[in-house]
Amino acid sequence: MVIGLNHYLILAAALFLTGAAGVLARRNTLIMLMGVEIMLCSVNIVFAAYSRALGDMSGHVFVIMNFAIAAAEAAIGLAILVAIYRIKRSVNADELNSLKE
Amino acid sequence: MTANLMAILPYLVLAGGALLVMLVDSFVKSMRKDHLSNLSLLVLLGSLVAQQFTQQYSSDLFAGLLATSKFTFYMNTLFVAIALLTVNYASSLYSRSSSFSSEFYPLILLATLGMCLMAAATDMLVLFIAIEMMSMAVYLMVAGNRKSIKSVEAGFKYLILGAFASAILLMGMALLYGQTGSTLYSSFAAVSSSGGLMTSLAVGLLLIGFGFKIAMVPFHMWTPDVYDGAPSHITGFMATGVKAAAMAAMIRIVWVLIPQVSVVWAPLIGVLAVLTMTIGNLVALAQSNIKRMLAWSSIAHAGYLLLGLMTLLKPTSDSAVLSVVADNAGGALLFYLLAYAVMNLGAFGIISYLAKNRGEEADNIERYAGLSRTRPLVAASLAIFMFSLAGIPPTIGFAGKFYIFEGVVKAGMIPLAIWGVVNSLLSAYYYLRIIIVMYMKDPEESSYKGSSWETAFATSVLAIISVLLGVIPAPIRDVAVAAFKSLGQSG
């Protein structure tokens, strides 16, 4: 079997949905952050696959930039989580309920 | 190359200024915090001045990655003005309270840079980096009050949902890249109008991504929590700057994609606009917390903006008629962004002003009782902003709504315009309630009192601008139309 563009796209779609499910369904804030990172990685696969299929380099450039952005996002997310942990001694999303009507 | 660098001088000033402020903050220990705010103000003014020197516009900087035009000039001026006011609000707060740290100053400069680049980007990569530059700075500013659980919690919620939306937006960009083979906006025109499933999916994902940023129903659920938890001056910055930047980027993308998307997307955006303003206004009626009320009101205002965006998309066969209608609708949209910035920044400035003496947010509407007697000038300003948000003449809010609805009527969608006016009437109820509390009730022991004259002065100036531009909106409106025209023909 030849692995073609569509296989990569299907893999990326599966990863994207896995990440989205992680953000929406899990209650541990660290897992939610990981979910977002998985979503960003799945986009990288799409860019790389299309870049290769089209013979165009700008997709690869996008992937490199994306790494940096995903890393910055994780750093900021963890920094805010540390701030939350210092106040609440917990990082469970269900206990983040101080903002209610 | 030198010409390219000259053209982006305003952005370079912001970027260099942000680094300078960060270094000064770290290494000059004796620096007082109000000097940092003065330095930031200087950087922002420097960027405005640099912009005056770079008025030879170019649509093709760095091989088509950026374009400067009257459009970017208009938007940059708006963003820098919003940042100037926010720094003004923050400075008196930060020099007195220890719960805020001075990282705010480089962050707001970077956020402003991100916004300016969002309006100038003509390439998806630049756009994405700009969006992230703005968003990440704003996540941190929202969580800026590190001792308050509400603030850090709001920061985290905004970060998770913002990053989620960014991932969706990015997936849309990736699919669009797959269809066009390039990340440049100019290549979108090559997508055939029957682009098929993948193109529709890509544009849909882009719409969802931007929808999060401008708080469009059904992607608005983060808005009340984040607006409530963030420090008030940051909320004002988010509500006006982030929304305007997302809208500017959206206008640019939509404008090149029109031939591909108009048939399907115009009705869809129309429906979303109606939903957004109706839900925003209905829920705002029930709020007793002024920040949550203004959050829902900002959702409603996103609805009016979407209504303006939809008029741009209206498919017409007659291109001459189309371009006139589109120019007016686009001008109305840009004018509304300015109007919304003036009135909303004013309102949040006053909320931030009143919070001063207590170390807590002035968010309980009941405690605005008797403000007209203790702080007559501030109460009068807040009343003007509320009238303006409700769209009552002669204020800038009325002029903004008038132009938007005029565009909708001219595009032949009279029922939508009527529904917009009904919504404005509905919203008058909750805006006027604040005025009633301020003017009809006696001051109580627990009523809020502010102290910082800088903020009071800035909000009074904004109130005067609201009325002034409400009486004679035409000159600014002409500037907005010219700014929109500089985007060129669609497609």
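In the text below, chain A, chain B and the rest are named by the order of the sequence lines, each starting its count at 1.
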Considering only heavy atoms, which portion of [X] lies under 4.5 Å from any heavy atom of chain A: side chain, backbone, both, or neither?
| X | answer |
| --- | --- |
| B:Ile129 | both |
| B:Met133 | neither |
| B:Ser148 | backbone |
| B:Ala286 | neither |

Not counting sequence neighbours, which residues clear side-chain hydrogen bond (donor to acceptor under 3.5 Å, both in side chains) with A:Thr18? List them please.
none

Given A:Val43, which partner from the list B:Leu169, B:Leu175, B:Ile168, B:Leu170 fulfils the side chain to side chain contact (heavy atoms under 4.5 Å, CB included) test?
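The residue from B:Leu169, B:Leu175, B:Ile168, B:Leu170 that satisfies side chain to side chain contact (heavy atoms under 4.5 Å, CB included) with A:Val43 turns out to be B:Leu170.
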
Of all of B:Thr183, B:Leu125, B:Leu159, which one pairs up most often with chain A through heavy atoms under 4.5 Å apart?
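The candidate making the most pairs under 4.5 Å is B:Leu125.
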
Within the distance-only criterion (no hydrogens, no angle test), does the side chain of A:Glu73 pair as donor or acceptor with the backbone N or O of B:Ala163 below 3.5 angstrom?
no

How would you list, in number order, the residues of [range] that have a heavy atom less than 4.5 Å from chain B?
| range | result |
| --- | --- |
| residues 27-35 of chain A | A:Thr29, A:Met32, A:Leu33 |
| residues 50-58 of chain A | A:Tyr50, A:Ser51, A:Leu54, A:Asp56, A:Ser58 |
| residues 62-70 of chain A | A:Phe62, A:Met65, A:Asn66, A:Ile69 |

Closest non-hydrogen atoms of B:Ala174 and A:Val46, given as atom of the first, atom of the second and distance, are CB-CG1, 3.6 Å

dist B:Lys150:NZ -> A:Leu96:CG (nearest 0.5 Å) comes out at 14.0 Å

Select one option (side chain, backbone, both, neither) describing which atoms of A:Ala93 are under 4.5 Å from chain B's heavy atoms.
neither

Specify which of [options] makes the most heavy-atom pairs with chain B at under 4.5 Å.
| options | answer |
| --- | --- |
| A:Leu24, A:Leu9, A:Leu5, A:Val36 | A:Val36 |
| A:Val61, A:Leu81, A:Ile87 | A:Ile87 |
| A:Ala12, A:Ala83, A:Gly77 | A:Gly77 |

